[in-house]
Amino acid sequence: MSDRSPAPGVIFLGGLGRSGTTLLERLLGESPGVTPLGEVVHLWARGVLSGEPCGCGAVFTECAFWRAVGARAFGGWTAELAERVLCLRQRVDRTRRIPSLGHTDLPEYVAAYRRVYAAAAAVGGARLVIDSSKHASLAGCLAAGGVAVRVVHVVRDPRAVAHSWRRNVERPEDGRPMTRWGPVRTSLHWTAQNLALGLLGRRGVPVVRVRYEDLLADPRATLGALAAELGLDPAFSHVRGTTAELGRAHTVSGNPMRFTVGRVELSRDDTWHTALPRSHRRLVTTLTLPLMSRYGYPMAPTEEAA
Ligand SMILES: [Zn+2]
């Protein structure tokens, strides 16, 4: 069960779903010395127990990368291990609670992640791993448990996020529809998740915030600024103007674009300007206004800042 690999640094991508964390992970994950892992929080249920596909296309249990990681970290993946971690998660890793240092189950829970990160860095030949699990509560657990975690807090205009959550999208993993939320639910989750990530920063966890819109407006400048904060190679030779060349990545879970390989256009999707019903737009704007303003999103979209 032991892994003597040196502990890698962990870049944790946080934010509400549909805010661009998967795209950012893919872009940062092409940097030398970095191994992107996808949403590790879902490794236990969707990977180990359900055998959903890895970003490379192979089912989790047959992916050579994850087999090697499991063997190195735990002597192989087992249902007992996954169920144990899921049980611990119920106790210590709750969305609405930033954990305290004193929880008795915290060390065992964090140790499982620490083993995954160390083994993945060793197998991937990396000094840094990216976990795009998104939830502030897991980032809080990792930091409280002593993991060298740096949080990248990704925010996106809540009206664009609300538009994304109301759309019909099929999960490529199993063909089932992805979860859909209405405007009120999206607004409440958007506010709660962003507040929780901001709170981490005030508790001493290193947090750097990035707006999805800024990433797409000037990918190289935004990635360069992040590279300086995170100690990454600033070259980003896979990004030219507004196109990026993406290789295969062993991401365990995440948004469907984790399967994308090859050239991608980094263009902003502003369809919410016209496609999000006016009543939804007003509702989301009203419910998220204080935080929306703090992040610099205008009440009415303009060509430059919407
Ligand atoms: Zn794979």
Side-chain angles (χ1 to χ4, degrees), residues 1 3 5 7-13 17 20-83 85-86 89 112-135 138 142 147 152 169-176 178 232-233 238-239 244-264:
M1 286 276 287
D3 189 297
S5 312
V10 178
I11 298 170
F12 187 99
L13 303 189
T21 48
T22 304
L23 176 63
L24 182 58
E25 173 172 37
R26 298 298 308 280
L27 294 172
L28 293 175
E30 294 287 329
S31 294
V34 178
T35 293
L37 305 178
E39 299 177 11
V40 182
V41 70
H42 297 305
L43 178 154
W44 320 102
R46 296 182 188 170
V48 179
L49 296 179
S50 299
E52 290 193 355
C54 172
C56 71
V59 297
F60 177 82
T61 44
E62 289 171 14
C63 165
F65 173 81
W66 283 110
R67 283 175 74 97
V69 171
R72 191 177 180 105
F74 304 105
W77 304 108
T78 64
E80 291 74 21
L81 166 71
E83 281 157 6
V85 175
L86 289 170
R89 182 184 170 201
Y113 282 86
R114 199 193 299 273
R115 285 207 174 104
V116 171
Y117 298 143
V123 173
R127 62 186 176 83
L128 291 166
V129 296
I130 306 178
D131 180 348
S132 59
S133 290
K134 302 190 300 249
H135 306 164
L138 176 55
L142 296 171
V147 173
V152 179
V169 182
E170 206 174 76
R171 292 184 82 233
E173 289 88 346
D174 54 17
R176 297 204 320 250
M178 289 178 78
L232 302 177
D233 185 326
H238 57 292
V239 180
E245 198 70 38
L246 299 178
R248 204 176 53 159
H250 296 288
T251 48
V252 69
S253 187
N255 181 282
M257 81 84 54
R258 72 193 175 96
F259 296 108
T260 302
V261 174
R263 177 168 291 197
V264 291

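For ligands, and for the atoms within them, numbers begin at 1 and follow the listed sequence.
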Exercise for the section: Could you grab the distance from atom OG1 of Thr22 to atom CZ of Arg26, nearest 0.5 Å is fine? Expected result: 9.0 Å
Could you list the donor-acceptor pairs under 3.5 angstrom formed between side-chain atoms of residues 34-45 and any protein atom two or more places apart in sequence or on another chain?
residue	atom	partner	partner atom	Å
Glu39	OE1	Lys134	NZ	3.4
Glu39	OE2	Lys134	NZ	3.0
Trp44	NE1	Tyr113	OH	3.2

Exercise for the section: With sequence neighbours left out, write down each residue that passes ring-ring contact (aromatic ring centres under 6.0 Å, His included) with Phe65, or none if nothing qualifies. Expected result: His250
Exercise for the section: Please step through side-chain hydrogen bond (donor to acceptor under 3.5 Å, both in side chains) for the pair Arg46 and Ser253, ending with a clear verdict. Expected result: CA-CA 7 Å; Arg46 296 182 188 170; Ser253 187; 3.0 Å; yes
Handout entry: Contact list for residues 51-70, test side-chain hydrogen bond (donor to acceptor under 3.5 Å, both in side chains), sequence neighbours left out
Key = Glu52-Arg171
Practice task
Answer yes or no: is there a side-chain heavy-atom contact under 4.5 Å between Val10 and Ile130?
Solution key: no
Fill in the blank from the handout: Within the 2.8 Å cut-off the protein N, O or S neighbours of the Zn ion (ligand 1) are Cys54 SG, Cys56 SG, Cys63 SG, His250 ND1
